Amino acid sequence: MNKFTSLLRKPITGTIIAILMGFLCAAVILACAGYNPIHALSAMLQGIFGRPKYMANIIVKATPIILTGCSVAFAYKMGLFNIGAEGQYIFGALAACLTGITVNLSPWLEIPLILLAGMAAGALYGALAGWLKAKFNIHEVISGIMLNWIAMYFSNFITGMEAFHKPNTSGTFPINVSGFTTFFPNWKATEEAAQFMKDNPFLGDILRTDFNAGIIIAIALVLLSSYILYKTSKGYQLRAVGSNRYAAEFAGIDVKKNIIETMMFAGLLAGASGALAIMGNNPHAVLEIAAFEGNGLNGLSVAFIANGSPIGCIFSGLLFGGLLYGGQSLQYVVGAPTEIVNIMVGTIVFFVALKDIIPVIADKMEHRAATKKLVDQKEGASS
Amino acid sequence: MNTFTLLIGVALMYATPMVLAALGGVISERAGVTNIGIEGMMTIGAFTGAAVGYFTNNPWLGVLAAGLAGGLTAILHALASITFKADQTVSGVAINLIGPALALFFCRLCFDGSAVTEPVNAKLPKLFGDNATGILANLNVDFMVIIAILATVIMWIVLYKTKWGLRIRAVGENPAAADTLGINVEFVRYVCVIISGILAGMGGAAVTLSIVSQFSQTSIAGQGYMALAAVIFGSWLPHGAFLACILFGLAQALVVVLGGGAVSVPSEILAMLPYVMTIIILIFFAGKSRAPKANGQPYIKGKR
Amino acid sequence: MEHNTKPVNAVEMNGIVKVFGNRPVLDQVNLEVEKGSVHAILGENGAGKSTLMNILYGLYQPDGGTIKINGQQVEMKNPSTAIATGIGMVHQHFMLVDVFTVAENIILGQETTKGGAFLDMDKAKQDVLALIEKYGLDVDPDAKIEDISVGMQQRVEILKALYRGADILILDEPTAVLTPQEIDELINIIHNLVNDGKTILIITHKLDEIKKSADKCTIIRRGQYIDTVSVKDVSQSDLADMMVGHQVNLKVAKTLMNPKHVIFEVDDLHARDVRGVEVLKGLSFKIRSGEIYGIAGIDGNGQKELLEAITNMIHVQGGTIKINGKEIQNTTTWNTITSGIASIHEDREKRGLIPDFSVEDNFVLETYMKNPFSIKGLMKQKAISDFAKKQVQEYDIRPNGCEKDLIRGLSGGNQQKVIIAREIANNPDLLIAMQPTRGLDVGAIENIHKTLLDQRDKGKAVLLISLELDEVMNVADTIGVIYDGKIVKEMPQDQATEHEIGLLMAGGSANE
Amino acid sequence: AASQKKEGTYLVTMVTDTGGINDQSFNQSSWEGLESFNQKTGADVRYIESKQASDFTTNMDRACDAYSDLVWGIGFSLADSLINIASYNPDIHFAIVDQSFEDTPMNVTGVTFRAEESSFLAGYVAGMSTKTDRVGYIGAMKTFVNDQFEYGFLAGVQFAAQERGVPIQVDEQFTESYSDVAKAKAIANKMYSSGCDIIYHSVGGAGYGAIESAKENKKYIIGVDSDQSYLAPDNVLTSALKNVNVAVEELSTKAMNGEDIGGKTFDFGLSDNGVGLPKENKNMDPEVYQKTMEVQERIINGEIDPPSTEETYKAWLSENGIQ
Ligand SMILES: Nc1ncnc2c1ncn2[C@@H]1O[C@H](COP(=O)(O)OP(=O)(O)OP(=O)(O)O)[C@@H](O)[C@H]1O
Ligand SMILES: Nc1ncnc2c1ncn2[C@@H]1O[C@H](COP(=O)(O)OP(=O)(O)OP(=O)(O)O)[C@@H](O)[C@H]1O
Ligand SMILES: [Mg+2]
Ligand SMILES: [Mg+2]
């Protein structure tokens with residue numbers, strides 16, 4: 001009993017149940033819409049695990065949302081809802097792209113430089129939202145939403161400028177090849193590489209994708225965030241403010257400064273995400289967009305599926321990326337509309353929201369046992 | 001004069017869906033339930049309104065059905081955040097994922113695989129009839145605008161002049177106190193969240209039944225989030241939210257009026273105007289607004 | 001025909017069981033209250049008194065047992081049932097909507113309306129005023145709750161119950177926040193109510209109040225029913241012994257003070273509250289090393305702002321605050337702390353602790369960035385744990401070994417001990433304690449008072465701000481009475497009388 | 001694998017641009033082309049939707065994995081991804097809408113449209129039909145494809161103005177969005193209330209707003225991409241068709257029949273029904289239609305060369321002696 005209830009209390013239990021429920025709901029909807037759910041889900045799994053390159057692609061897709069998820073999770077630890085991750089991502093991508101176009105150094109300098117540019121731009125943009133909150137008490141949700149739109153239009157404006165715009169496309173020039181984080185970008189285009197890829201199906205399969213070193217940087221940044229949060233005195237401060245800002249204030253912590261710093265770091269993560277996308281993914285350029293791509297908003301889902309844990313974002317980011325990617329094969333192979341995938345992801349997040357019910361059930365079970373024990377004791381004593 | 005009336009007309013058109021949705025946000029948050037899911041509820045309403053309007057050839061039925069559908073979606077949110085004491089933000093985010101997907105899913109089911117509904121023939125009537133010209137044409141708003149204004153007034157009266165309003169506000173400020181006085185906190189919250197969904201759904205229908213006459217997957221593209229901002233901007237007051245939406249509508253109208261003319265501002269830069277303006281206005285007016293104290297917190301009996 | 005000879009009990013609770021989680025809190029508790037009597041319930045912190053009353057009021061569902069009201073068995077499903085059966089309750093933590101007016105709070109849930117929907121506030125005010133007059137409960141129906149004093153708020157709570165026509169009134173620790181005069185008034189009100197035929201259930205830790213007001217007293221210890229006694233048959237110390245189950249010492253043993261140089265000095269302090277109203281109007285006092293300076297006064301006379309000004313949570317408009325000769329006003333909270341001032345806020349949950357942090361993490365809330373708890377910005381969890389372990393033992397924080405638990409799970413008394421241990425570990429020159437024993441039982445209070453005296457005997461300065469006159473009289477060496485933002489009179493403890501201070505607190509003067 | 005095609009069939013897969021399959025624009029039109037291709041030939045046709053730019057490459061790749069014989073990229077945004085994937089899959093044929101390459105790989109076909117031609121006709125119709133001598137153009141964002149619509153239309157209007165010997169004013173404004181129906185409607189309202197009686201739009205889904213405005217103001221609007229008259233039968237004057245479906249179907253058929261279409265770009269215009277106006281235009285004066293068809297002939301035989309960029313437009317103006 002005790003073992004069972006303490007298992008139920010583990011946060012991961014709720015998350016796993018939530019994910020299963022999400023799949024279950026999707027299966028029901030698929031069945032209602034006249035698709036064979038088993039066939040559909042197996043097509044989806046096939047599209048996720050079927051070939052090594054599928055997994056490589058999922059990692060590529062997960063890279064940016066792991067970071068935006070971490071950005072949201074980090075800010076949430078301090079009680080801030082970083083809905084502005086989308087804008088920070090856009091700024092990060094834009095700064096990274098402009099740097100990558102104008103500067104051409106060796107990869108060892110170029111890549112860090114582009115990453116730094118992206119992080120700096122994201123951090124500044126995040127700090128702006130933090131500053132608006134600290135200084136003028138403007139709710140970060142409002143400023144975040146506004147700054148997202150501003151970022152989008154600003155990015156379109158820059159993308160359209162003659163200096164950066166690649167003629168006959170909807171985007172900028174690509175960044176210099178030295179800024180690519182894909183493996184052996186120059187070699188890949190050669191005849192020799194083509195032969196190599198033919199001869200080594202496994203490696204070739206992966207090399208043909210956008211598989212890139214970004215994931216390593218992303219994981220490093222996630223670990224760094226987690227380290228900062230839980231191992232440093234700065235992190236202690238942030239968590240204290242997030243958990244009870246009044247007590248933190250009374251203990252001499254400068255709450256406003258912390259708000260700005262947190263938003264700045266959250267922006268840095270989202271900006272890094274944008275930079276990694278530019279360095280790692282074709283076409284290595286910023287495109288004009290008419291609607292948000294959703295990397296920041298998906299970060300919200302990733303963070304919540306991860307239960308607000310930065311490290312959890314690595315896994316939930318992969319899950320989310322896998323669902324989106326695998327969902328496309330569901331659509332392609334079975335012909336089921338992609339909305340099903342969105343419904344599935346939504347249901348998972350919904351059940352994640354409900355997951356707190358599970359420890360409550362555990363409590364109820366223990367409560368019943370304790371009450372019974374008490375009554376039994378009394379009866380035993382009186383008889 | 002022409003420009004001025006155009007400004008007003010455009011502002012009202014822009015604001016109407018947001019006003020309704022924002023009122024939904026106000027009532028829900030006044031009762032202590034954060035509603036990030038407005039965008040999703042709007043999308044469901046936008047689709048249902050257009051679909052029912054098309055099939056029945058009666059736009060009013062469309063508006064009603066949209067409200068109903070929004071309300072049904074809101075039950076999901078209510079279930080999660082009231083009955084199951086879930087994190088209201090997470091549940092709202094989930095609604096925003098599920099809502100648009102469901103709307104599109106049903107759209108494809110009902111319209112032969114198309115992601116766009118057929119145009120509604122019978123449209124909502126206009127304030128000055130169908131043949132207004134000149135200045136009247138600029139101001140010839142449809143009845144959704146009137147509904148939005150009425151809804152604002154009614155919500156203000158309900159919240160501040162009736163016993164239900166007193167109870168709603170009490171539940172949003174101090175649910176434990178309301179509970180000890182025999183007020184059913186969960187019931188009040190359910191009602192408010194469902195009303196919130198109904199209003200958001202009608203807000204969606206305001207797009208697909210009055211601004212245009214069909215639903216497409218981009219009909220609702222951020223209006224729900226803007227409404228959310230308006231709730232906070234308007235200090236959780238019905239009239240505050242209304243004014244915030246109108247202000248935003250005016251800013252958008254300004255973009256339209258200023259654009260295309262002799263002013264040689266790039267249109268991307270001009271497009272930022274409403275958002276920049278909002279932030280600047282907030283810099284001068286924010287800080288005073290205060291959220292309902294229990295907003296976002298599930299009420300758990302006996303929790304200290 | 002037996003029941004005709006014996007009067008029907010207003011309340012009869014039989015074999016009440018309540019389990020929270022897996023922890024039994026009430027174990028077969030009985031309670032019988034005669035109609036028209038004042039019945040006290042006595043017990044240590046956490047004994048289960050509030051829980052029992054919450055069950056009676058329908059807020060909690062019992063896991064066993066029955067309830068009879070006026071001889072009728074009732075299932076208390078929710079507060080509505082309780083209200084309908086004529087029960088009213090004033091909760092330990094007030095249940096008021098801060099932003100509403102007094103009248104709105106009173107009518108909430110049973111509103112007077114026009115046409116069944118629209119609030120009729122004029123009628124409501126008239127009804128409320130009638131009640132106010134009848135029972136002598138003076139409050140302004142149009143005032144906002146957040147603007148009135150705690151004593152007033154309590155009256156609003158009583159009015160709420162009376163407005164609903166309560167015959168049985170439960171008062172959960174009503175006197176904890178009142179001045180002596182207010183307590184006397186409350187006892188008067190209680191007598192008025194009883195004369196009007198009402199039955200009163202009162203929970204309190206203050207034995208003299210039980211003696212003064214109650215007819216009978218039921219004692220509960222750790223969820224177990226102990227006894228019901230007739231108050232006039234027992235002494236205060238009998239009650240105390242029954243409550244804790246062993247003999248207790250009611251007065252702190254205290255040596256004479258041995259003051260030296262002035263450590264802390266506040267001079268002509270002027271400050272405003274959040275609403276911009278001036279609440280400190282030229283407040284001055286000094287504290288010497290080895291002295292406990294007690295500030296006595298009614299809530300809302302500037303105590304909160306004084307603490308906030310010293311801790312730099314607010315800016316002051318004039319005057320100086322000096323510690324060891326160094327001015328600290330209008331700097332930062334951090335500066336206050338590093339200048340050698342430690343403070344215990346009256347609101348321990350909000351200002352004192354991070355409820356979702358572990359006990360050990362709460363121990364380093366002000367020192368987390370210092371060696372040995374962190375080195376070069378990195379937290380040293382081992383050092384923190386060791387420190388916490390030591391403190392838990394030294395201050396007898398229970399349960400022992402709770403360092404990794406969330407502080408939320410600790411009892412109120414133990415939470416307070418953590419705060420005090422933490423503040424003293426900073427080795428401050430001045431320790432400010434505001435309401436340090438609020439809501440705690442005698443055992444815990446004794447412990448804390450001893451700690452304050454220890455500090456004094458080590459040659460430190462202590463500033464005790466309390467709304468409980470008893471506490472100030474017992475612990476302080478010098479007493480300053482605060483009224484309307486000023487210290488109106490200062491006197492050595494041995495020259496002070498409760499009567500005089502009570503008058504000064506209420507704005508009277510000693511020569512009246 | 002489940003994604004394998006049926007043995008012995010010809011598989012064509014199209015990868016959409018962001019916006020989804022039912023975007024009321026090129027994605028949808030292309031898919032209609034493929035569906036018709038399927039009906040006529042029995043070939044297997046499928047699509048994959050892209051949600052964001054980073055999906056392009058992976059979707060192309062997925063199409064190749066499924067042993068597609070021909071893979072379509074719908075829209076110039078997919079160009080880089082398509083070239084990239086094409087280089088790894090020399091045995092599969094690729095085709096892309098709205099893009100030409102300087103040197104086209106042998107397994108890639110570019111497809112472009114001279115949208116300036118149909119827009120020129122639209123402009124001509126507007127210029128000939130306006131009663132107020134003032135017309136409007138609503139664009140979405142400045143892109144090189146959008147330029148074809150914009151400058152083609154402007155030139156068409158000026159051509160009509162020259163013919164009629166009156167100056168015609170053109171109001172222009174951009175929505176910066178393909179989805180903001182309210183903005184498109186507001187801009188249209190503004191144009192109509194300031195005296196325009198005909199508006200041409202090229203703003204995709206946001207165009208519903210402009211069409212709605214025409215309905216409410218009882219003015220004319222010129223549709224885009226497909227025949228939009230069903231959206232407002234009394235108000236759509238005509239539509240500037242861009243028959244992506246025709247091109248997609250035609251080239252798919254050619255590829256299936258083994259014709260060598262690789263390594264080059266097919267440019268569709270009025271002459272091959274790649275762009276044009278609908279045959280039925282109940283709101284248009286038959287006389288104007290007659291004249292428009294004459295202009296169409298002149299474009300087809302090269303007498304008139306509609307401009308597609310700002311530069312060529314300016315040049316065209318001075319060539320034709322218009323200020
Ligand atoms: N909602 C709850 N959940 C879990 N435990 C609770 C809850 N409410 C009370 N308890 C626990 O039940 C026990 C009895 O609490 P109760 O509030 O009735 O004590 P009390 O006698 O009123 O004490 P005090 O004098 O401190 O007010 C305490 O140990 C308390 O911590
Ligand atoms: N809201 C709650 N939820 C869960 N457990 C609680 C809650 N409140 C109290 N407890 C548990 O009840 C225990 C006793 O709490 P309480 O504050 O009543 O102690 P107490 O007996 O009054 O002690 P003290 O005299 O130190 O105040 C705590 O150790 C805690 O584990
Ligand atoms: Mg206690
Ligand atoms: Mg109690």
Side-chain angles (χ1 to χ4, degrees), chain A residues 25 29 33 76 81 83 128 132-133 135-139 141-161 288 290-292 297-298 300-301 303-305 307-308 337-357 360, chain B residues 36 40 76-77 79-81 83-109 113 115 218 221-222 225-226 228-233 266-272 274-279 282-289 291 298:
Chain A
C25 280
I29 293 176
Y76 208 60
F81 190 60
I83 207 168
L128 177 60
L132 287 171
K133 173 150 187 140
K135 178 93 201 225
F136 302 105
N137 200 15
I138 298 177
H139 202 295
V141 168
I142 308 191
S143 59
I145 291 170
M146 302 299 150
L147 291 173
N148 284 349
W149 287 102
I150 294 173
M152 176 173 127
Y153 291 124
F154 184 74
S155 170
N156 282 351
F157 174 67
I158 299 290
T159 308
M161 281 168 58
E288 268 178 5
F292 294 118
L297 293 172
N298 287 340
L300 296 180
S301 307
F304 290 133
I305 293 176
N307 213 359
T338 35
E339 288 86 73
I340 299 270
V341 181
N342 294 344
I343 292 177
M344 193 151 80
V345 175
T347 334
I348 289 176
V349 177
F350 186 72
F351 282 105
V352 166
L354 293 192
K355 72 181 180 330
D356 285 341
I357 191 88
V360 172
Chain B
I36 300 258
L76 268 185
H77 185 51
L79 210 67
S81 48
T83 304
F84 293 120
K85 328 278 184 212
D87 185 322
Q88 299 169 6
T89 312
V90 187
S91 158
V93 168
I95 300 277
N96 283 344
L97 290 169
I98 298 172
L102 268 186
L104 217 55
F105 184 73
F106 282 117
C107 185
R108 290 202 205 271
L109 275 186
T218 52
Y225 287 108
M226 289 305 298
L228 200 70
V231 174
I232 305 172
F233 193 173
S267 66
E268 295 96 337
I269 300 292
L270 204 57
M272 291 181 200
Y275 310 99
V276 175
M277 221 170 96
T278 306
I279 290 181
L282 277 167
I283 286 178
F284 288 103
F285 291 100
K288 283 170 213 124
S289 91

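Since the model is a prediction, treat every value here as computed from it, not as a measurement. Side chains included, hydrogens not; waters and symmetry mates left out as well; all remaining heavy atoms used. A, B, ... follow the sequence lines: proteins, then strands. Residue 1 opens every chain.
- The choice from B:Met226, B:Lys85, B:Gln88 that makes the most heavy-atom pairs within less than 4.5 Å of chain A is B:Met226.
- Residues A:Leu354 and B:Leu79 form no side-chain contact, since every pair of their non-hydrogen atoms from C-beta on lies 4.5 Å or further apart.
- Here the shortest heavy-atom pairing between B:Ile279 and A:Ile138 reads O-CD1, 4.1 Å.
- Closest of all the heavy-atom pairs between B:Leu97 and A:Ser301 is CD1-OG, 3.4 Å.
- Evaluation of the side chain to side chain contact (heavy atoms under 4.5 Å, CB included) rule for B:Val276 yields A:Ile150, B:Met272, B:Ile280 as partners, not counting sequence neighbours.
- B:Ala229 approaches A:Met146 most closely through the heavy-atom pair CB-CE, 3.9 Å.
- With a 4.5 Å cut-off on non-hydrogen atoms, B:Leu109 does not touch chain A at all.
- For chain A, the nearby part of B:Thr278 is the side chain; its heavy atoms alone come within less than 4.5 Å.
- Residues A:Gly346 and B:Ala94 share a closest heavy-atom pair of O-CB, 3.5 Å.
- With respect to chain A, the highest number of heavy-atom pairs below 4.5 Å among B:Leu228, B:Thr89, B:Asn96, B:Val231 belongs to B:Thr89.
- Contact detail for A:Phe350 and B:Leu76: the closest heavy-atom pair is CZ-O, 3.4 Å.
- Minimum interatomic distance between A:Ala353 and B:Ala86 (heavy atoms only, all atoms of both residues): O-CB, 2.9 Å.
- Rounded to the nearest 0.5 angstrom, B:Phe105 CZ and A:Ile29 CD1 are separated by 6.5 Å.
- Heavy atoms closer than 4.5 Å to chain B are found in the side chain of A:Ile83, but not in its backbone.
- Counting heavy-atom pairs closer than 4.5 Å to chain B, the top-ranked of the candidates A:Phe304, A:Trp149, A:Tyr76 is A:Trp149.
- At least one side-chain heavy atom of B:Ile36 sits less than 4.5 Å from a side-chain heavy atom of A:Phe81.
- Residues B:Phe233 and A:Ile142 meet the side-chain proximity criterion, which asks for heavy atoms closer than 4.5 Å.
- Residue contact with chain B, scored on non-hydrogen atoms closer than 4.5 Å, involves the side chain of A:Ile340 exclusively.
- Using a 4.5 Å cut-off between heavy atoms, B:Ala221 touches chain A through its backbone atoms (N, CA, C, O) alone.
- Annotation: the span from A:Phe351 atom CZ to B:Ser91 atom OG amounts to 11.0 Å, rounded to 0.5 Å.
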